[in-house]
Colleague: 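Pasting a structure below so you can have a look.
Just so you know, these numbers come straight off a predicted model, no measurement behind them.
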Amino acid sequence: MTRSFRRWIARAVLSVSIVAATVSASYGQEKVVRIGYQKYGKLVLLKSKGSLEEKLKTLGYKAVWTEFPSGPPLLEALNVGAIDFGNTGEAPPIFAQAAGAPIQYVAYEPPAPKGEAILVPKDSALKSVADLKGKKVALNKGSNVHYLLVKALEKAGVKYSEIEPVFLAPADARAAFERGAVDAWVIWDPFQAAAEAATGARTLADGTGVVSNYQFYFSSKKFLQSDSKIVDLVLAQLGEVDDWAKGDIHAVAEQLAPTIGLSVPVVEVALKRQAYGIKPVTDAVIADQQQVADTFFALGLIPKQIKISDVAWRPGT
């Protein structure tokens with residue numbers, strides 16, 4: 001009952017945001033593109049640069065930015081109509097599509113398998129993923145690392161049902177990890193780099209040879225149908241930011257560090273494990289995503305089979 005009430009409150013808050021944005025747009029004679037972003041990534045850089053706003057203004061639009069702690073709540077916001085555009089890793093859209101969210105894949109970043117990992121304390125007796133059998137493993141449910149854990153266990157010959165998943169958001173998981181309440185933590189950068197630097201955490205496995213760890217960009221189906229030129233513009237501006245970022249990682253780290261509350265060296269480590277390039281969705285990427293969806297369905301993590309190609313947008317279609 002408490003969970004249902006909290007969800008109702010969250011939806012009510014999102015509904016108020018929608019109304020406020022609509023009223024603001026009508027009075028200002030500007031259309032709005034509502035962008036959801038997380039504390040770390042290319043969208044943060046685009047927001048801080050300010051170039052998108054300049055381009056949008058010439059088309060009679062403005063950007064409204066909303067920060068989210070992770071991918072699942074960002075896509076829930078897209079589902080209820082609170083945002084028009086955003087990005088997450090490869091797992092959250094699987095859950096969102098299975099729940100009927102009107103998402104459309106519009107672009108992706110190349111694989112970054114080292115940008116997520118299964119961590120254990122530096123003095124842990126655990127030496128391999130196989131040692132996780134019967135252990136408590138913290139992770140953010142429905143995020144990219146959920147798929148990493150599933151596939152890493154599979155590779156090690158351990159069933160997902162043979163570990164005890166503890167579903168926690170990154171901040172709570174970090175606290176549980178440090179006090180020894182869980183045996184391992186599956187996490188992504190920059191939280192991964194921060195934990196390594198602060199606690200000496202060891203990596204049992206990262207995504208190398210296990211998962212791709214894509215980043216995807218999404219639009220709501222409604223916004224894409226009515227404002228595809230704005231989606232194209234946002235992607236073009238992201239491409240420019242991406243070109244700058246990969247050419248000067250230190251400068252990017254200096255810009256991001258104060259925003260996310262981490263040191264410049266830690267952010268640099270994370271950025272060096274990140275992938276660069278904003279690319280149109282391809283058949284090969286769709287096939288990789290289909291494998292994620294099929295794996296989650298087989299484990300009973302999503303209620304029905306889904307077809308990724310149904311929600312993959314191609315320019316000109």
Side-chain angles (χ1 to χ4, degrees), residues 40 69-72 88-95 98 111-215 266 269-270 273-274 288-303:
Y40 175 77
S70 61
T88 75
E90 60 202 356
I94 303 298
F95 290 89
K114 293 185 178 296
E116 58 180 359
I118 303 172
L119 302 180
V120 294
K122 62 181 179 181
D123 57 354
S124 172
L126 305 181
K127 303 300 181 185
S128 70
V129 175
D131 294 334
L132 292 176
K133 186 175 181 179
K135 304 301 183 182
K136 291 182 178 181
V137 183
L139 69 150
N140 194 88
K141 185 177 183 180
S143 64
N144 260 28
V145 295
H146 206 149
Y147 186 56
L148 169 61
L149 177 61
V150 167
K151 298 304 286 185
L153 290 171
E154 181 182 289
K155 185 176 180 179
V158 179
K159 294 179 181 179
Y160 181 73
S161 59
E162 291 179 316
I163 60 106
E164 184 179 343
V166 180
F167 297 126
L168 295 170
D172 294 329
R174 168 77 178 264
F177 182 76
E178 290 190 3
R179 69 173 182 269
V182 295
D183 300 291
W185 180 24
V186 200
I187 189 59
W188 62 89
D189 273 328
F191 304 107
Q192 174 188 342
E196 290 167 342
T199 72
R202 290 190 291 107
T203 296
L204 282 188
D206 60 25
T208 305
V210 183
V211 297
S212 296
N213 190 28
Y214 290 112
Q215 286 291 312
V266 166
V269 169
R273 294 193 288 222
Q274 189 172 313
D288 284 349
Q289 272 297 90
Q290 191 63 53
Q291 288 186 7
V292 181
D294 293 345
T295 298
F296 283 172
F297 177 71
L299 288 170
L301 296 174
I302 58 174

Colleague: Quick one: which residue pairs count as a salt bridge (charged side-chain N to carboxylate O under 4.0 Å, His left out) with a foot in residues 159-168, not counting sequence neighbours?
Modeller: Lys133-Glu162

Colleague: Can you tell me which residue pairs pass the salt bridge (charged side-chain N to carboxylate O under 4.0 Å, His left out) test with a partner in residues 175-201, sequence neighbours excluded?
Modeller: Arg174-Glu178, Asp189-Arg273, Glu196-Arg273

Colleague: The criterion is side chain to side chain donor-acceptor pair (under 3.5 Å); which residues satisfy it with Asp172, sequence neighbours excluded?
Modeller: none

Colleague: Which residue pairs pass the salt bridge (charged side-chain N to carboxylate O under 4.0 Å, His left out) test with at least one member in residues 145-156, sequence neighbours excluded?
Modeller: Lys151-Glu154

Colleague: Please identify each residue that fulfils side-chain contact (heavy atoms from CB on, under 4.5 Å) with Val137, with sequence neighbours left out.
Modeller: Leu132, Leu149, Ile163, Ala184, Val186

Colleague: Name all residues meeting the side chain to side chain donor-acceptor pair (under 3.5 Å) criterion together with Gln289; count only those two or more places apart in sequence or in a different chain, and write none if there are none.
Modeller: Tyr105

Colleague: Among residues at least two apart in sequence or on other chains, which ones pass side-chain contact (heavy atoms from CB on, under 4.5 Å) with Lys127?
Modeller: Asp131, Arg202

Colleague: Give me each pair satisfying side chain to side chain donor-acceptor pair (under 3.5 Å) with a member in residues 134-144, each pair once, sequence neighbours excluded.
Modeller: Asn144-Asn213

Colleague: Measure from the side-chain N and O atoms of Ser212 to the backbone N and O of Tyr214, and report whether any donor-acceptor pair falls under 3.5 Å.
Modeller: no

Colleague: Which residues pass the ring-ring contact (aromatic ring centres under 6.0 Å, His included) test with Phe297, sequence neighbours left out?
Modeller: none

Colleague: Could you list the residues that satisfy side chain to side chain donor-acceptor pair (under 3.5 Å) with Glu90, not counting sequence neighbours?
Modeller: none

Colleague: Could you pull out all residues at least two apart from Gln291 that satisfy side-chain contact (heavy atoms from CB on, under 4.5 Å)?
Modeller: Tyr147

Colleague: Residues two or more places apart in sequence or in another chain: which of them pass side-chain contact (heavy atoms from CB on, under 4.5 Å) with Ala293?
Modeller: Ile94, Gln290, Ile306, Ile308

